[in-house]
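Accompanying notes for the structure given below.
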Amino acid sequence: MKYQLLFLFLSICTSIKAQDLEKHQWKHRILLIISEDETSDLVKLQLELLDESVALNERKLVIYKLHPNRYRIVGSNKTDWIMDSTLYDKYNSEGHEFKTMLIGLDGDVKLEVHDVLDSEKLFATIDRMPMRQRELRDH
């Protein structure tokens, strides 16, 4: 009985963390910056290249930094780290030192690179997506 309750508790906690990205589905595109090393120069460079808030907002892009034991949303008012490895384990199961992933409005992975992603390639990829094309037509 004790183990069943522990399993249930762990399942609920894992489900809550997984929902962190699901809350964005159909509202935001997500860019995951995944790195083993929190002080990585690649992470710093990636964030510098994406310092275009107008272009990010226009494309409904939310950026997450994922590290082995914690993650957070970049640029949000809440700067606290969430102490959890679920997202890192899910999106970096291959164990890459550094990776950038784009997740579309539908929740599917649209782009994955194992190096720094320049903003031109990111924005071009997003701008070719059917939902983005519709957004551009509707404005």
Side-chain angles (χ1 to χ4, degrees):
M1 178 70 169
K2 188 182 343 179
Y3 293 110
Q4 290 173 329
L5 289 174
L6 179 62
F7 177 75
L8 178 62
F9 175 75
L10 292 174
S11 297
I12 290 170
C13 289
T14 300
S15 174
I16 290 169
K17 299 302 181 192
Q19 290 175 1
D20 204 33
L21 293 188
E22 290 174 9
K23 71 183 178 190
H24 296 290
Q25 193 167 7
W26 303 115
K27 298 176 190 160
H28 303 108
R29 294 171 182 90
I30 303 168
L31 186 70
L32 302 178
I33 301 172
I34 304 167
S35 176
E36 286 183 1
D37 179 9
E38 293 182 33
T39 62
S40 167
D41 289 338
L42 294 174
V43 173
K44 292 174 188 170
L45 179 58
Q46 183 65 77
L47 290 171
E48 286 173 15
L49 291 174
L50 296 172
D51 190 23
E52 301 179 41
S53 58
V54 172
L56 297 175
N57 289 336
E58 286 176 358
R59 289 168 178 84
K60 301 178 183 177
L61 197 64
V62 175
I63 301 172
Y64 277 74
K65 279 177 55 175
L66 306 180
H67 299 293
N69 296 311
R70 62 190 196 157
Y71 69 92
R72 73 182 192 121
I73 297 175
V74 175
S76 70
N77 293 337
K78 186 175 181 181
T79 58
D80 295 338
W81 288 91
I82 298 168
M83 304 307 287
D84 187 83
S85 63
T86 307
L87 292 176
Y88 181 87
D89 294 342
K90 178 177 181 178
Y91 291 102
N92 196 29
S93 59
E94 310 89 14
H96 296 284
E97 272 186 50
F98 180 83
K99 176 165 72 167
T100 306
M101 295 177 73
L102 173 64
I103 299 174
L105 293 172
D106 60 2
D108 290 341
V109 174
K110 305 299 183 182
L111 179 66
E112 179 176 332
V113 296
H114 303 275
D115 201 357
V116 174
L117 175 62
D118 69 78
S119 57
E120 288 179 22
K121 181 175 182 176
L122 173 64
F123 297 153
T125 300
I126 292 171
D127 291 346
R128 284 192 305 271
M129 294 177 178
M131 295 288 288
R132 175 67 177 152
Q133 290 292 313
R134 187 176 312 143
E135 292 168 4
L136 292 170
R137 274 195 312 270
D138 291 347
H139 282 118

[X] [atom1] to [Y] [atom2] distance, which is reported to the nearest 0.5 Å:
{"X": "Leu31", "Y": "Ile103", "atom1": "CG", "atom2": "CD1", "answer": "9.0 Å"}
{"X": "Leu32", "Y": "Leu66", "atom1": "CG", "atom2": "CG", "answer": "5.0 Å"}
{"X": "Gln25", "Y": "Asp108", "atom1": "CD", "atom2": "CG", "answer": "8.0 Å"}
{"X": "Gln46", "Y": "Ile34", "atom1": "CD", "atom2": "CD1", "answer": "11.0 Å"}
{"X": "Leu105", "Y": "His28", "atom1": "CG", "atom2": "NE2", "answer": "9.0 Å"}
{"X": "Thr125", "Y": "Lys121", "atom1": "OG1", "atom2": "NZ", "answer": "6.5 Å"}

Open item on the list: Applying salt bridge (Lys or Arg N to Asp or Glu O under 4.0 Å), can you list everything that pairs with Asp89, at least two apart in sequence or on another chain?
Closed with: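 Here no residue qualifies.
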Side-chain heavy atoms of [X] within contact of [Y], under 4.5 Å:
{"X": "Leu61", "Y": "Leu50", "result": "no"}
{"X": "Trp26", "Y": "Met131", "result": "yes"}
{"X": "Arg132", "Y": "Glu58", "result": "yes"}
{"X": "Arg72", "Y": "Arg70", "result": "no"}
{"X": "Lys27", "Y": "Lys60", "result": "no"}
{"X": "Glu48", "Y": "Asp51", "result": "no"}

Open item on the list: If only side-chain N and O atoms count, and only distance matters, is there a donor-acceptor pair under 3.5 Å linking Ser35 with Glu97?
Closed with: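 Short answer, no.
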Task: Steps toward side-chain contact (heavy atoms from CB on, under 4.5 Å) verdict (His24, Glu22) - done: CA-CA 5 Å; His24 296 290; Glu22 290 174 9; over 6 Å; no
Give the cluster check for [X] versus [Y]: same hydrophobic cluster or not, with ILVMFWY residues linked at side-chain heavy-atom distances below 4.5 Å.
{"X": "Ile63", "Y": "Ile82", "answer": "no"}
{"X": "Ile33", "Y": "Phe123", "answer": "yes"}
{"X": "Leu111", "Y": "Leu87", "answer": "no"}
{"X": "Leu122", "Y": "Ile73", "answer": "no"}
{"X": "Trp81", "Y": "Val74", "answer": "no"}

Salt-bridged, [X] to [Y], with N to O below 4.0 Å?
{"X": "Arg29", "Y": "Glu135", "result": "yes"}
{"X": "Arg59", "Y": "Asp127", "result": "yes"}
{"X": "Lys65", "Y": "Glu38", "result": "no"}

Task: Greater than 12 external heavy atoms within 6.0 Å of Glu120's CD - done: no
TODO: Using the side-chain contact (heavy atoms from CB on, under 4.5 Å) rule, pick out the option among Tyr64, Tyr88, Tyr91 that qualifies with Tyr71.
DONE: Tyr64
Task: CA sep, side-chain torsions, deciding dist, call: Glu36, His96, side-chain contact (heavy atoms from CB on, under 4.5 Å) - done: CA-CA 8 Å; Glu36 286 183 1; His96 296 284; over 6 Å; no
